[in-house]
Amino acid sequence: MITDKIVIITGASSGIGEATARLLAGQGARVVLGARRTDSLARIAGEIRQRGGQAVYQTLDVTRPEDNVRIVELANEIFGRVDVIFLNAGLMPNSPLSALRIDDWHRTVDVNITGVLNGVAAVLPVFIARKSGHVITTSSVAGLKAYPKSAVYGGTKWFVREFMEVLRMESAMEGTNIRTTTIYPAAINTELLTTISEPQTREQMQGIYDRYGISPDRIARVVAFAIDQPEDTTVNEFTVGPANQPW
Ligand code: NDP
């Protein structure tokens, strides 16, 4: 059931996070939005409320552990608990390794790996105490296959797969009843390509997205499906892409 679920969404200021916030709130979830662009969060939360939904927001940099703790506290203060955390914030500054965009490598690891760890660390005590909760993450098809120019980004998304699988196993072994879902989107038309600083890579990726990109709404629907399953059921992994995708 989605109705009345309290759902924290990181990376909610655009793209997949924004689409998911709007869809879930439209289906009766109470959403707690986090990202760095507070003005965008305020606008999205305001529009959700105008349509009769329930949404609050908080400025969140996922690389800062204290921000992650704070957004869990906010959900508890305003709505009384957390049922689901969608750890979706991420960036994709792809480039060939030979370009030595070392700052990009580190930023990618900080947000896509450390950000996920910080989110899980913030919510896990709450989920363990309640013996209930759902962790959802956005990996990528780049977390399933290797792609040139995606060594670091892909590596962070492979990490997410490993991490979520062990979280699922340990929860089952420890009887904490934490559900896990990892989503592996293909090309989704969002702001993600703006994080690519290397011009040639960005142009090449833009060509791929022009041909194969689909709406972030499609990912939102999958997140909603995963949340909507019976409480004793984990739907663990989804690959989501366009029907015409050959790679
Ligand atoms: P967008 O760029 O539209 O959204 C990324 C979101 O992450 C934004 O809300 C951004 O908000 C947030 N974010 C980035 N850095 C931080 C940070 N340090 N702290 C908090 N929030 C942060 O792209 P998508 O919607 O596509 O990306 C969402 C997820 O989907 C990412 O993990 C991405 O890797 C994954 N993905 C996307 C695919 C695609 O083709 N688009 C394919 C496969 C996976 P702000 O800047 O306001 O902080």
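The residues of the chain are indexed from 1 along the displayed sequence. When a ligand or atom number is given, it counts from 1 through the structure's own listing order.
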Item to check | Interfacing atoms of ligand 1 (cut-off 4.0 Å, heavy-atom, Y153) | outcome: 33 (C), 34 (O), 35 (C), 36 (N), 43 (C), 44 (C)
Item to check | Nearest-contact summary for atom 35 (C) of ligand 1 - protein heavy atom, Å | outcome: T138 CG2, 3.5 Å
Checklist entry - Please state which protein non-hydrogen atom is closest to atom 9 (O) of ligand 1 and give its distance, to 0.1 Å? => result S13 OG, 2.8 Å
Checklist entry - Do the non-hydrogen side-chain atoms of I136 and V84 ever get within less than 4.5 Å of each other? => result yes
Next on the checklist: Are V116 and I128 linked, directly or through intermediate hydrophobic residues, by side-chain heavy-atom contacts shorter than 4.5 Å (ILVMFWY only)?
Outcome noted: yes
Item to check | Heteroatom proximity flag, L91 to ligand 1, N/O under 3.5 Å | outcome: no
Item to check | Side chain, backbone, both or neither: A142 near ligand 1, heavy atoms under 4.0 Å | outcome: neither
Item to check | Min heavy-atom dist E18 to ligand 1 below 4.0 Å | outcome: no
Checklist entry - Does the pair D110/R107 count as a salt bridge with the N-to-O cut at 4.0 Å? => result no
Next on the checklist: Looking at E18 and R22, is there a salt bridge between them, counting it only when a charged N and a carboxylate O are closer than 4.0 Å?
Outcome noted: yes
Checklist entry - For atom 23 (O) of ligand 1, what is the nearest protein heavy atom, given as residue, atom name and distance? => result T190 OG1, 3.2 Å
Checklist entry - Purely on distance, is any nitrogen or oxygen of V62 under 3.5 Å from one on ligand 1? => result yes
Checklist entry - Within a strict 4.5 Å, meaning less than it, do heavy atoms of the Y184 and V240 side chains meet? => result no
Item to check | Shortest protein heavy-atom distance from atom 4 (O) of ligand 1, along with the residue and atom involved | outcome: S14 OG, 3.3 Å
Checklist outcome for this item: Taking only non-hydrogen atoms of G90 and a 4.0 Å limit, the atoms of ligand 1 in range are 5 (C), 7 (O), 14 (C), 31 (C), 32 (O)
Next on the checklist: With respect to S140, determine whether any N or O atom, backbone or side chain, lies less than 3.5 Å from an N or O atom of ligand 1.
Outcome noted: no
Checklist entry - Relative to the heavy atoms of G15, which atoms of ligand 1 are at a distance of less than 4.0 Å? => result 3 (O), 25 (O)
Checklist entry - Looking at CE of M205 and CG of D210, how far apart are the two atoms once the value is rounded to the nearest 0.5 Å? => result 11.5 Å
Item to check | Element-labelled atoms of ligand 1 that are located less than 4.0 Å from some non-hydrogen atom of D61 | outcome: 17 (C), 18 (N), 19 (N)
Checklist entry - Any idea which protein heavy atom is nearest atom 41 (N) of ligand 1, and the distance to it? => result I188 O, 3.0 Å
Item to check | Location of contacts on L60 toward ligand 1, heavy atoms closer than 4.0 Å | outcome: backbone
Next on the checklist: Heavy atoms only, cut-off 4.0 Å: how does S139 contact ligand 1, side chain, backbone, both, or neither?
Outcome noted: backbone
Item to check | K131 bridged to E174 by N-O distance under 4.0 Å | outcome: no
Checklist entry - Are R101 and D103 ion-paired here, with the side-chain N under 4.0 Å from a carboxylate O? => result no
Next on the checklist: Under 3.5 Å between any N/O of A187 and any N/O of ligand 1: does that happen in this structure?
Outcome noted: no
Item to check | A186 contact mode with ligand 1 (heavy-atom cut-off under 4.0 Å) | outcome: backbone
Checklist outcome for this item: From the list D228, T3, V31, side-chain contact (heavy atoms from CB on, under 4.5 Å) with L24 holds only for V31
Item to check | V111: numbered ligand 1 atoms lying under 4.0 Å from its heavy atoms | outcome: 15 (N), 18 (N)
Item to check | For E191, atoms of ligand 1 separated by under 4.0 Å from a heavy atom | outcome: 1 (P), 2 (O), 3 (O)
If you look only at distance, which donor and acceptor atoms sit under 3.5 Å apart when one is on a side chain in residues 141-155 and the other is two or more places apart or in another chain?
unit_1 : atom_1 : unit_2 : atom_2 : d
K145   : NZ     : W247   : O      : 3.2
K149   : NZ     : Q204   : OE1    : 3.1
S150   : OG     : G154   : N      : 3.4

Checklist entry - Which ligand 1 atoms does A12 reach within 4.0 Å, using its non-hydrogen atoms? => result 9 (O)
Next on the checklist: Between R30 and D83 (salt bridge meaning N to carboxylate O under 4.0 Å), is one present in this structure?
Outcome noted: no
Checklist entry - For ligand 1, which part of Y209 has a heavy atom less than 4.0 Å away: the side chain, the backbone, both, or neither? => result side chain
Checklist entry - What distance separates L41 CG from Y57 OH, expressed to the nearest 0.5 Å? => result 7.5 Å
Checklist outcome for this item: Rounded to the nearest 0.5 angstrom, the CZ-CD1 distance for F86 and I16 is 6.5 Å
